[in-house]
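Order of appearance sets the numbers: ligands from 1, and atoms from 1 within every ligand.
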Amino acid sequence: MKTKSDITILAIESSCDETAAAVVKNGRTVLSNVIASQIDIHTLYGGVVPEIASRKHMEQINQVVDKAMADAGVAFDAIDAIAVTYGPGLVGALLVGVAFAKALAYAKNKPLVGVHHIEGHISANYIENADLEPPFMCLVVSGGHTHLVAVNDYGKYEIIGRTRDDAAGEAFDKVARAVGLGYPGGPKIDKLAKEGNPDAIEFPRAKVEGAPFDFSFSGLKSAVLNYINGCEMKHMEFNRADVVASFQKSVTDSLVTRAIAAAKEKGMNKLALAGGVAANSALKAAVEEACKENDIRYYKISPVYCTDNAAMIGVAGYYEYINGVSDDLSLNAIPNLKIGERK
Ligand code: KG4
Ligand code: ZN
């Protein structure tokens, strides 16, 4: 029987190319986590095609939510609230999840909680780290975002640094395309880099004048493209594994040095990673080593909770819900929603 202290959230995520639903108990226990990936179809086009993403979400959302409920073994009576990603993301993709969640909230008479996608990524760290509590520093590295976020309390976020141009994941995807690895580039570079020498080519580590915690990856991306073009013009073979390993080292160096510096600046001795690029094995190894050297505790996260999923939305939604936050049926998709902002 459900006691008053048990809060069960059904969560829905459709901001990009995964249709996902999950049931999460008390913000930390994942009862189910269903992810229908669209990667195969988008791979044909070399990246996410927004119209196809929306259409696929429409096709799959019913079954995905049904499966999440069945896997969790709970009935709607046991659901306390419905959480849904309402931004940022692709507007047509977000709308499918938001409209579905609103219809369900109305039909089942449940409270509705709109969740920020990146706040979801950050909250994913609570799932496997039972003792993780704010304050902590979080390095958010996804396909669309690269941020250093001080999590001062549940639901209280302060942006310490951000990318000025490409997101880390975007740089991985673009470099992967340039060396012919295809989409999505991150996991493919991760794998190939294991066979390469990360010190083979000295790619730049950009600094942003006057903003020590900000990132810039477009110069690095151009440097890799120039290197490849230079080799091709001279009819020189280049070692793909060395190129991606050296690129990956430049990205991880930039990320890790700033994450550690930001944690120190804020007097925080806990560091977590979030977003798809947080699944990168070289990044994880570099963070682990730097945390050891600097007496900072590193909270690990499994790859399934790094990339897009709905369990993370259920966790963030739980903390919003117990703090009294809920939305009415006027909730709309906000493609450029800012971290820490509620609309
Ligand atoms: O968080 P996510 O699933 O979606 C967004 O919200 O953007 O992140 C997707 C990004 C892609 O750019 C993908 O290439 C990257 O995460 N990624 C990785 C790895 N796995 C996924 N990048 C580097 N190494 C990986 N192992
Ligand atoms: Zn994401």
(Q) Between E170 and K174, does any NZ, NE, NH1 or NH2 come within less than 4.0 Å of an OD or OE carboxylate oxygen? (A) yes
Q) Quick one: which ligand 1 atoms are inside 4.0 Å of a heavy atom on H121? A) 1 (O), 6 (O)
Q: Take every heavy atom of E18, measure it against each atom of ligand 1, and state whether any distance is under 4.0 Å.
A: no
Q.
Do the side chains of E289 and K292 get close enough for a salt bridge, i.e. N-O under 4.0 angstrom?
A. no
**Q.** Cut-off under 2.8 Å, centre the Zn ion (ligand 2), protein N/O/S atoms
**A.** H117 NE2, H121 NE2, D308 OD1
Q) Taking the six-membered ring where the residue is Trp, are the ring centres of Y126 and Y318 under 6.0 Å apart? A) no
Q) H145: heavy atom below 4.0 Å from ligand 1, yes or no? A) no
Q. Do Q248 and S250 get their side chains close enough for a donor-acceptor pair, meaning under 3.5 Å?
A. no
Q) Tell me, which protein residue and heavy-atom name are nearest atom 18 (C) of ligand 1, and how many Å apart are they? A) G186 CA, 3.5 Å
**Q.** Transitive ILVMFWY side-chain link I159 to L271, under 4.5 Å
**A.** no
Q: For residues 43-63, pull every pair meeting ring pair (Phe, Tyr, Trp, His ring centres under 6.0 Å), keeping only residues two or more places apart or in separate chains.
A: none
Q: Using a 4.0 Å heavy-atom threshold (strictly under), name the region of D173 that reaches ligand 1: side chain, backbone, both or neither.
A: side chain
